[in-house]
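Working notes for the structure below.
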Amino acid sequence: MGAVREGSAEQRAYLDALVERGLLVPSGVPGVYGRGADFEAVRLGVDALVTRAAVDDDAEQLRFPPVLPRRQLEATGYLKSFPHLAGAIFAFEGGDAQALALHDAASRHEDWSGHVDQSELVLTPAACYPVYPAIARRGPLAPAGVTVDVGGGYVFRHEPSTDPARLQMFHMRELIRIAEPETVAAWRDAWRDRAVELLRSLGLAAELDVAADPFFGRGGRMLARSQRQQELKFEILAAVAGPEPTAIASFNYHQDHFSSTFEIAMEDGSAAHTACLGFGLERVTLALLATHGLELDGWPDGVRADLGLHG
Ligand code: AMP
Ligand code: ZN
């Protein structure tokens, strides 16, 4: 098991309170929790609110499982930029003797990785990843491009932590725009501003900032600097537990990163660009619980109504 990042005292105290109230159900592994009914009601309420905010996008609805062909992850360069966050699926393919050896090691909770083989699958690291190859398959894009709504699917990030806002498996509510560059950039900017309003309307002290992805290693620091300089990533930040601001939503302009990888082009042969936005549904829920309290009955009426919290 990799190193567990310790949350601050406030973050750990918040986690304890959430578990105590049955909002989160611990699994024994940091960053992996079950969810109680109240937590889930808020999370689904936020999801539905994003759906309502997206009506004018008239987005195509697509849904994908939380696993991705590893060939797709390999093609995007994810393992260069974020090897530390990736999770791959290994599965047993041996015979009787190997099965015995596997069970033997597993029954003592020893390392049994030597008894399994790499499968064709990895865990999906961001909800938009399956969309690019799926759209590429259709051939060149009509002039208006496409907008895809992938819903709020599970994604995996290997970053075990005792901060309840840093999960290993969580729901990312994503929308994706693929079209000619100016259209994509304008869409990203419009959603970014709309999302700040949306989150503030729920009573969150949400602030927008330029951001960078947690690129791996020394080369990664340069990538992060250039990403910031070009304002390719914005995050909406809110306090969850203690003073550190946490990113609750992200707005990413990928330029031609995915469109060149998967060869997505416009019908007239010009370049297509892509952008995506992702709300971290658990983080928005945790920020709301931190702001309005752990008892949903006491939340402001307007917020309860917006989230469809009845009874
Ligand atoms: P990213 O693709 O890293 O920008 O993530 C999109 C959104 O997912 C972020 O704005 C967060 O709200 C959320 N998120 C990212 N990493 C985590 C995590 N480890 N635990 C919970 N939510 C996360
Ligand atoms: Zn995305």
Side-chain angles (χ1 to χ4, degrees), residues 2 4-5 7 11 15 18 24 29-33 35 39 43 46-47 50 62 64 68 72-73 76 78 81-82 84-87 123-135 147-178 184 187-188 191-192 195-196 199 204 206-216 224 227-228 232-241 245-255 257-259 273-288:
V4 176
R5 191 197 295 203
Q11 289 164 348
L15 174 58
L18 291 159
L24 292 183
V29 173
V32 179
Y33 304 96
R35 306 177 300 279
F39 190 100
R43 189 185 72 76
V46 175
D47 187 286
V50 175
L62 289 175
F64 295 93
L68 195 69
Q72 290 176 9
L73 196 76
T76 61
Y78 191 87
S81 295
F82 312 108
H84 55 304
L85 297 178
L123 295 168
T124 302
C128 62
Y129 271 62
V131 171
Y132 311 110
I135 297 299
T147 308
V148 175
D149 181 342
V150 281
Y154 261 126
V155 300
F156 176 83
R157 303 270 172 98
H158 182 241
E159 44 183 352
S161 169
T162 52
D163 172 5
R166 191 171 294 280
L167 302 169
Q168 298 204 67
M169 199 84 187
F170 56 95
H171 293 85
M172 205 185 274
R173 179 73 174 79
E174 279 215 48
L175 288 154
I176 298 100
R177 187 83 176 94
I178 311 178
V184 169
W187 177 86
R188 195 274 310 253
W191 253 106
R192 178 192 64 191
V196 175
L199 293 164
L204 297 179
E207 295 294 339
L208 188 69
D209 205 359
V210 179
D213 285 307
F215 294 106
F216 184 75
Q227 192 184 27
R228 266 180 207 283
L232 296 180
K233 186 180 188 83
F234 282 89
E235 286 177 340
I236 297 178
L237 306 160
V240 175
T246 301
I248 57 175
S250 308
F251 305 84
N252 308 296
Y253 181 24
H254 316 119
Q255 296 173 311
H257 177 68
F258 291 108
S259 50
H273 277 192
T274 71
C276 74
L277 63 93
F279 288 84
L281 291 182
E282 282 81 357
R283 283 192 180 173
V284 176
T285 303
L286 290 166
L288 286 166

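We use all heavy atoms of the structure for the numbers below, so side chains are in, but hydrogens, waters and symmetry mates are not. Start at 1 and go down the list; that is how both ligands and their atoms are numbered.
When only non-hydrogen protein atoms are considered, atom 20 (N) of ligand 1 lies nearest to Leu167 N, 2.8 Å. In terms of protein heavy-atom proximity, atom 9 (C) of ligand 1 is closest to Ser250 OG, 3.4 Å. Of the protein's non-hydrogen atoms, Ala247 O, 3.3 Å is the one closest to atom 11 (C) of ligand 1. Shortest contact from atom 21 (C) of ligand 1 to any protein heavy atom: Ala165 O, 3.2 Å.
Ligand 1 has at least one atom lying under 4.0 Å from a heavy atom of Arg283. Ligand 1 lies less than 4.0 angstrom from a heavy atom belonging to Glu159. By the 4.0 Å heavy-atom criterion, Ala126 is excluded from the residues contacting ligand 1.
Checking only distances, Phe279 never comes within under 3.5 Å of ligand 1, N or O to N or O. Any N or O atom pair closer than 3.5 Å counts here, and Phe170 shares no such pair with ligand 1.
By the 6.0 Å and 45° rule, Arg192 stacks over the aromatic ring of Phe234.
Distances below 4.0 Å separate heavy atoms of Gly280 from the following atoms of ligand 1: 8 (O), 12 (O), 13 (C). The contact set between ligand 1 and Lys233, taken as ligand atoms under 4.0 Å from a residue heavy atom, comprises 1 (P), 4 (O). Below 4.0 Å from some heavy atom of Ala249 lie the following atoms of ligand 1, by number and element: 10 (O), 12 (O). For ligand 1, the atoms lying closer than 4.0 Å to a non-hydrogen atom of Arg166 are 19 (N), 20 (N).
A donor-acceptor pair under 3.5 Å links the side-chain atoms of His257 to the main chain of Thr76, judged by distance alone. Arg283 places a side-chain N or O within 3.5 Å of a backbone atom of Ala247 that can act as its donor or acceptor partner. A donor-acceptor distance shorter than 3.5 angstrom exists from the side chain of Thr162 to the backbone of Gly7, with no hydrogens or angles considered.
Closest heavy-atom contact between Cys276 and His254: SG-NE2, 3.4 Å.
Neither the backbone nor the side chain of Ser161 comes within contact range of ligand 1; no heavy atom lies under 4.0 Å.
Side-chain contact check for Glu235 versus Asp209: every heavy-atom pair is 4.5 Å or farther apart. Using a 4.5 Å heavy-atom cutoff, the side chains of Arg43 and Leu286 are not in contact.
Here the angle at the Zn ion (ligand 2) defined by SG in Cys276 and OE2 in Glu174 stands at 130°, rounded to 10 degrees.
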* To do: Start with the C-alpha gap between Phe258 and Tyr129, add the side-chain angles, then the distance that decides, and say whether ring-ring contact (aromatic ring centres under 6.0 Å, His included) holds.
  => CA-CA 9 Å; Phe258 291 108; Tyr129 271 62; 5.3 Å; yes
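Around atom 3 (O) of ligand 1, the closest heavy atom drawn from Glu174, Met172, Arg157 belongs to Arg157.
Considering Glu174, Arg188, Lys233 as possible partners of Asn252, the one that fulfils the side-chain hydrogen bond (donor to acceptor under 3.5 Å, both in side chains) test is Lys233.
A ring-centre distance under 6.0 Å is not found for Phe170 and Tyr154.
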